[in-house]
Amino acid sequence: MNAPHEHEAGQDARDPRPERSGTDPDTPDAAGDPTGAEEATDTGDETEHAWDSRRDLYRHSPGIMLGHSARIGGSLVGGDQHGVSGGHVTGDVILGGSKVEYHLGADTEERSGEIPRTEVEALARTFVYPPRDAAGDEDDGTAPGDAREGGEPWEPGSPFAVALAGLREHRVAVLSGPATTGRGAAALMLLRAAGARSYRALDPALPPGRLAGELREGCGHLVADFVTSAERPLREHHIRALSERLHATDSHLVLVVGPHPVVHGGVAPVAWRPPAPAALLAGHLRHEDLGGHGVDALLALDEVRSVLAHHRPVADTARFAERVAGYARGTVSLADLGAFGHFAAERQVREWFDSADHTLHDKAFLIALATFDEAPYPLTAELSDVLFGLLQRIENPGEPARIPVFGTSSAQRVERALADRYQEPEDTDWGPVLQTKVQFRDRLTAITLLREVWTGHPSARPALVAWLRHLAADPRPVVRTRAAATAAVMAAADLPSAMALLIRSWAADRRLRGRLAAANALALAHHLGAPHVSRILAQWCTSPDHRLRWTAVRCYALVGDAFPQEALTALTEAVRGMEARGGPARGWAEERDDLAQSAAALLLAAGQEAAARDDWDAVAGPWEALPRLAQGATRDFVLRTMVHACGPTDGPAGTGRPLLLDLFARADPRQGTDGAVLRHSLAALWRRVLNDPVCSASALATMRQWVRAAEDDPGAETALAELMDLLTVSTEDHRRLAYLLENLGGEAGSAPPAVALRLHALVSAPHADARTTAAATPSR
């Protein structure tokens with residue numbers, strides 16, 4: 001049996017064990033071995049410790065992948081069809097969306113149309129004015145519609161008040177902001193507040209110089225979605241001409257532009273920011289029949305708060321108000337109320353893919369952004385072009401992909417995707433690096449979009465499969481992890497297709513990266529609620545194909561903490577099956593160690609989760625079973641598992657407190673408790689490892705790390721002292737630990753740490769004769 005060596009989690013992706021060297025060059029006829037000895041491309045440089053794989057998966061996966069909100073299926077997974085055609089939507093024209101249209105007659109030469117005053121007054125009943133806070137994220141304490149100083153419902157200094165002051169002075173205002181913020185509704189309210197009694201919508205395609213000719217006497221004019229660019233800027237003389245004409249006709253004009261307008265001089269654009277979602281919802285509910293329910297009580301519902309937690313278009317909040325009112329009247333269930341976020345995300349995604357305004361290049365960017373949500377923007381843009389080329393081959397196979405090198409600006413691309421850019425440190429192997437990242441405003445959009453493109457557009461599958469295979473082979477960990485995360489979404493939506501086209505082929509890959517992608521995909525698919533993942537792992541774990549076995553074993557390290565007893569049983573059976581075959585496959589000597597690594601990782605993760613919820617019975621259960629398995633065919637497996645479990649720490653690059661020592665420290669030492677069971681189980685495993693002639697060297701090296709880690713950690717020192725008290729059963733135990741502590745040098749050959757001297761004094765103290773007998777494991 002080869003000795004498992006110490007491992008410091010996070011220091012290096014390579015495993016220091018000499019046995020992990022890929023193909024054995026002395027193995028005869030490796031290429032003809034059906035068990036797969038021919039891993040010529042799988043060099044030792046590619047190996048990665050199981051705990052490091054788990055760390056990277058959690059580091060590089062989007063946050064929503066590991067949450068519960070992603071599991072609610074909407075129309076594609078949950079089984080309920082939430083289509084727009086089945087419902088009734090009101091207020092879409094006024095409240096703002098990705099596009100505002102007015103159908104006011106068949107005369108194509110008409111460049112303006114009347115907006116009925118009744119619509120404006122209906123809007124005024126539910127309109128909520130934003131507070132002065134520029135972020136717009138907090139309400140100012142005034143209920144929607146309440147009058148402030150001077151009888152005005154808007155707060156001085158708020159975006160509305162600033163825009164209105166400019167409109168009253170110049171008769172023209174430029175309101176800028178994203179299309180989904182209700183800026184069109186705000187423009188109409190500005191015209192109403194300025195004294196307009198009739199309203200007209202002007203054609204946004206009119207050139208700036210033509211607008212003045214379309215103005216009417218004594219009217220409030222709105223130009224929605226007015227496009228300004230470097231080729232078509234809004235210049236100072238345009239603004240002055242409009243202001244002059246508006247004063248002469250006693251009229252007003254509001255130009256609604258995007259968040260990055262090109263305006264030279266004249267009137268400065270006012271950035272529009274809507275009120276907080278809760279304030280918007282309350283404003284819509286105040287005029288609804290709520291069946292005796294109070295607005296505050298409805299806003300406090302968990303389902304309502306969950307929907308409002310995501311940034312979504314103002315129009316969606318208006319639609320959600322109808323559902324909340326329906327729930328209050330008893331016509332909408334609580335489950336339907338909570339599913340609204342998925343319904344809204346699906347509606348937006350289908351609009352994108354059905355829209356002729358979005359080119360194939362735009363749609364490729366949307367798919368890439370869904371894959372790399374919360375990731376650096378340059379990465380998203382780079383790999384979206386790769387996907388565009390693959391999609392182009394399907395749509396126009398005879399035409400080469402033409403990628404605009406300097407096309408639409410990044411700000412405009414991100415805005416059209418209803419996303420936000422922000423700066424955040426990105427973890428790398430060399431430390432955190434500040435990156436510009438992109439995230440959909442609605443956190444449900446990414447998963448919804450990937451499900452839709454996979455199940456709703458099957459003609460795109462060949463390109464998506466080729467793209468994801470390309471990503472899975474990328475040298476950057478975040479790219480490989482996101483490929484697996486995307487495959488996980490597809491598996492949750494359509495398991496047979498995702499397994500056949502992606503995951504199964506990855507699992508059978510000769511390269512470690514491919515197999516790791518399969519393990520990551522299955523782990524994340526389980527988090528998303530995909531069925532039968534545990535069954536797949538159990539079958540692969542004993543498969544004749546060693547690559548499938550490796551994938552399943554590594555996946556247990558990533559997700560086994562969700563079903564620890566089942567996972568530990570499967571790994572134990574895999575060990576017995578390997579020994580029944582005569583040991584690991586030729587050229588695959590590390591299989592025995594991979595099993596132990598995965599067992600250690602899932603036990604540590606399950607223990608941390610259970611301890612966090614104070615369920616020490618769940619913590620102690622798996623560990624209590626291990627000493628009984630430390631015999632026969634599974635003895636080596638148990639000892640290796642214990643050594644590997646001692647390595648990972650709670651700090652970067654192996655620094656901080658060892659996780660297993662932390663579990664020992666937090667466990668209740670009182671006799672008869674689950675914590676005492678855990679402590680005695682760990683002590684029994686430590687004694688077995690220390691007394692094993694092959695593993696003792698690794699165990700002593702690990703103990704040295706634990707002692708050094710306790711130098712500046714009093715809690716760890718106390719736990720170590722209590723552990724050594726359980727370990728010093730025989731005279732030989734005393735001598736071994738005393739010698740280790742007496743000869744423990746500091747870093748770089750310095751003097752022994754003070755903690756070693758203190759622990760040495762404890763171990764060397766006189767002991768009663770009763771201490772020479774083995775400590776019995778307490779009964780439950």
Side-chain angles (χ1 to χ4, degrees), residues 64 67-69 72 89-92 94-97 123-148 153-155 157-161 177-178 180-186 189 271-329 332 334-345 347-348 418 420 439-445:
I64 195 172
H68 295 292
S69 58
I72 303 174
V89 178
T90 61
D92 196 21
I94 294 177
L95 293 174
L123 172 62
R125 295 177 67 243
T126 57
F127 188 79
V128 181
Y129 297 88
R132 181 170 52 243
D133 179 17
D137 291 328
E138 298 180 1
D139 198 355
D140 61 354
T142 304
D146 286 355
R148 295 180 173 86
W154 53 85
E155 183 178 352
S158 66
F160 190 91
T180 58
T181 56
R183 61 188 188 180
M189 291 297 95
W272 176 254
R273 296 179 178 87
L280 285 170
L281 182 59
H284 283 278
L285 291 177
R286 68 174 184 249
H287 294 296
E288 293 280 354
D289 175 12
L290 302 180
H293 292 78
V295 172
D296 291 341
L298 293 172
L299 291 176
L301 291 171
D302 289 340
E303 290 75 9
V304 173
R305 294 171 62 187
S306 176
V307 171
L308 295 180
H310 298 285
H311 293 286
R312 58 185 71 260
V314 170
D316 283 349
T317 305
R319 298 185 189 100
F320 184 55
E322 295 181 1
R323 285 205 176 192
V324 175
Y327 166 76
R329 295 191 298 268
V332 175
L334 200 59
D336 287 340
L337 196 62
F340 178 83
H342 293 270
F343 154 75
R347 180 179 180 276
Q348 179 60 69
L418 304 183
D420 291 319
Q439 180 182 29
F440 284 112
R441 290 175 191 142
D442 186 346
R443 295 191 65 218
L444 301 177
T445 300

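Note that the numbering runs from 1 along the sequence shown for the chain.
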Point to revise | Parallel, tilted or perpendicular, as decided by the 30° and 60° cut-offs, for the rings of W154 and F160 | key: tilted
Practice item. Any chance you could lay out the side-chain contact (heavy atoms from CB on, under 4.5 Å) test for R441 and T180, step after step, and finish with the verdict? Key: CA-CA 11 Å; R441 290 175 191 142; T180 58; 3.9 Å; yes
Review point. How about F127 and P153: do any of their side-chain heavy atoms sit closer than 4.5 Å?
Key: no
Check your understanding: Does R323 reach the main-chain N or O of V332 with its side chain, forming a donor-acceptor pair under 3.5 Å?
Key -> no
Exercise for review: Apply the test side-chain contact (heavy atoms from CB on, under 4.5 Å) to residues Y327 and L301: give CA-CA distance (whole Å), side-chain angles for both, the deciding distance (0.1 Å), then the verdict.
Suggested key: CA-CA 11 Å; Y327 166 76; L301 291 171; 3.5 Å; yes
Review point. If you look at every heavy atom in P274 and V314, which pair is closest and at what distance?
Key: CB-CG2, 4.1 Å
**Study point:** T317 versus P277, closest heavy-atom pair with distance
**Key:** CG2-O, 4.1 Å
Review point. Does R319 make a cation-pi contact with F343 (under 6.0 Å, within 45 degrees of the axis)?
Key: no
Exercise for review: Please report the C-alpha distance between L298 and V304 in whole Å, then the side-chain angles of each, then the deciding distance to 0.1 Å, and finally whether the side-chain contact (heavy atoms from CB on, under 4.5 Å) criterion is met.
Suggested key: CA-CA 7 Å; L298 293 172; V304 173; 5.5 Å; no
Revision key, fill the gap. Between L285 and A321 the two heavy atoms that sit nearest each other are CD2-O, 3.5 Å
Review point. Got D442 and Q348 here, is their nearest side-chain heavy-atom distance under 4.5 Å?
Key: no
Exercise for review: Indicate the ring-plane relationship of F320 and F340, choosing parallel, tilted or perpendicular according to the 30° and 60° boundaries.
Suggested key: tilted
Exercise for review: Spell out, as yes or no, whether a donor-acceptor pair under 3.5 Å connects the side chain of H293 to the backbone of L290.
Suggested key: yes
**Study point:** Side-chain (R286) to main-chain (R125) donor-acceptor, under 3.5 angstrom
**Key:** yes
Practice item. I would like to know whether L418 and T445 meet side-chain contact (heavy atoms from CB on, under 4.5 Å); could you show each step before the answer? Key: CA-CA 10 Å; L418 304 183; T445 300; over 6 Å; no
**Study point:** From OG1 (T126) to CG (L281), nearest 0.5 Å
**Key:** 11.5 Å
Check your understanding: Looking only at heavy atoms, which two atoms of A279 and P275 are closest? And how far apart?
Key -> CB-CB, 4.2 Å
**Study point:** Nearest non-hydrogen partners of P130 and R273, listed with the distance
**Key:** CB-O, 3.5 Å
Exercise for review: Tell me, yes or no, whether the heavy-atom count around R305 atom CZ, taken from other residues, nucleotides or ligands under 6.0 Å, exceeds 12.
Suggested key: no
**Study point:** For P159 against P131, the heavy-atom pair lying closest together
**Key:** CD-O, 3.6 Å
Study note, to complete from the structure: When rounded to the nearest 0.5 Å, the distance separating CG of L123 from CE of M189 is 4.0 Å
